[in-house]
There are 2 protein chains.
Amino acid sequence: MVKYQSQDLDAVFSALGDPTRRAILARLALGEASVGDLAAPHEMSLPAVSKHLRVLETAGLLRKEKDGRVVRCRLEAEPLRDAAAWIAEYRRFWEAQLDALAGYLEGLDEEV
Amino acid sequence: MVKYQSQDLDAVFSALGDPTRRAILARLALGEASVGDLAAPHEMSLPAVSKHLRVLETAGLLRKEKDGRVVRCRLEAEPLRDAAAWIAEYRRFWEAQLDALAGYLEGLDEEV
DNA sequence: CTAATAATAAACCAAATGGTTAAGTATCAA
DNA sequence: TTGATACTTAACCATTTGGTTTATTATTAG
């Protein structure tokens with residue numbers, strides 16, 4: 001059983017709470033990239049991006065590998081599993097709401 | 001199609017990045033609760049909890065309903081759907097890692 | 001009406017966050 | 001060896017966050 005540590009979820013969810021970092025992860029989902037590659041699309045300084053990478057790394061979502069003077073970054077999606085598992089606990093609540101909507105729409109049908 | 005706004009995900013993921021707020025959501029999953037009920041298990045002042053509730057409310061994860069002088073709070077899980085959907089994009093990455101692990105363990109078996 | 005209860009608002013504070021620029025460290029190329 | 005390239009570190013700054021205590025505002029109970 002995978003028991004997640006509360007502080008891990010803190011780090012993962014917090015890391016995901018920033019659009020720049022989500023964009024970086026999305027880019028990494030397409031494949032490995034250097035720090036420079038990851039920084040390019042963003043209108044901010046390289047150190048700023050470097051900090052975001054550090055946050056992702058600390059959350060366990062990114063792995064760096066130094067290769068000469070370029071640092072290659074890989075997505076490490078495994079921590080997302082616990083995040084997804086946590087969220088999944090609440091699935092029935094939003095599904096219930098969808099069911100209610102379906103019921104409502106069905107009711108409308110009958111009125112036609 | 002449910003197209004999620006980046007800023008909504010910001011709010012939802014950020015809201016989930018705090019253990020007190022996740023605990024509150026977990027409590028709400030058990031059923032409606034007043035602000036006082038929600039505050040009780042936490043070693044912090046009522047205003048502090050009130051602020052957390054505000055954050056959850058802003059993220060769309062909580063709905064308040066005033067009933068006399070007590071405010072009843074309900075879980076509103078629907079925004080978690082988009083969060084889960086976002087994370088799901090990365091599922092194959094952690095599954096790949098699990099596959100690799102399985103392969104490795106299989107290899108070990110053969111060596112016995 | 002008065003007092004207690006439930007919750008929010010306001011004012012404040014320390015620490016964390018997200019950005020900047022400038023300096024420093026490896027590494028590769030000429 | 002001398003630059004240029006690819007980053008990271010350091011120092012700084014403004015804003016946000018997460019907490020506090022002290023009012024305030026509604027509402028119910030006596």
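We name chains A, B, ... by the order of the sequence lines, and we start the count at 1 in each one.
Nearer to the 5' terminus of DNA chain C, by closest-nucleotide assignment, is the contact made by B:Asp37 (compared with the other of A:Val49 and B:Asp37). Checking A:Asp67 against B:Leu53, the closest nucleotide of DNA chain C that is more toward the 5' end is the one next to B:Leu53.
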Legend entry - Sugar-phosphate or base contact per nucleotide [nucleotides 9-19 of chain D; S, B, -; heavy atom under 4.0 Å]: B--------SB
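Atom CG of A:Leu46 is separated from atom C1' of C:dT21 by 13 Å (rounded to the nearest Å). Between the CZ atom of A:Arg72 and the P atom of D:dT8 there is a distance of 14 Å, rounded to whole Å. Between A:Lys66 atom NZ and D:dT5 atom P the separation is 17 Å, expressed in whole Å. For the pair A:Leu38 CG and D:dC7 C1', the interatomic distance rounds to 12 Å; values are reported in whole Å. Between the CZ atom of A:Arg22 and the P atom of C:dG18 there is a distance of 12 Å, given to the nearest Å. Rounded to whole angstrom, the span from the NZ atom of B:Lys64 across to the P atom of D:dA26 amounts to 16 Å.
For the pair A:Leu9 and B:Leu16, the minimum side-chain heavy-atom distance is 4.5 Å or more.
Here the side chain of B:Ser50 pairs no donor or acceptor atom with the backbone of B:Leu46 at under 3.5 angstrom. When atom types are taken as modelled, the side chain of B:Asp18 and the backbone of B:Arg21 share a donor-acceptor pair closer than 3.5 angstrom. Judged by distance alone, the side chain of B:Arg74 and the main-chain N or O of B:Glu32 form no donor-acceptor pair under 3.5 Å.
When every heavy atom of B:Arg22 is checked against every heavy atom of A:Asp10, the shortest pair comes out as NH2-OD1, 2.8 Å. Considering every non-hydrogen atom in both B:Leu75 and A:Tyr90, the closest pair reads CD2-CD2, 3.6 Å. Summarising the geometry of B:Phe93 relative to A:Ala29, their closest heavy-atom pair is CZ-O, 3.1 Å, with the distance given to 0.1 Å.
Computed from C1' positions of five pairs at each end, the angle between the two local axes of the helix from C:dC1-D:dG30 to C:dA30-D:dT1 equals 10°, rounded to 10 degrees.
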Inset, instruction - Evaluate the criterion salt bridge (Lys or Arg N to Asp or Glu O under 4.0 Å) for residue pair A:Arg81 and A:Glu78; output intermediate values, then yes/no. - result: CA-CA 5 Å; A:Arg81 212 156 73 99; A:Glu78 205 273 342; 3.7 Å; yes
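If you check D:dA6, C:dT8, C:dA6 against the side chain of B:Arg69, the one that comes closest is C:dA6.
Both B:Met44 and B:Val35 are assigned to one and the same hydrophobic cluster, defined by single-linkage of ILVMFWY side chains at heavy-atom distances under 4.5 Å.
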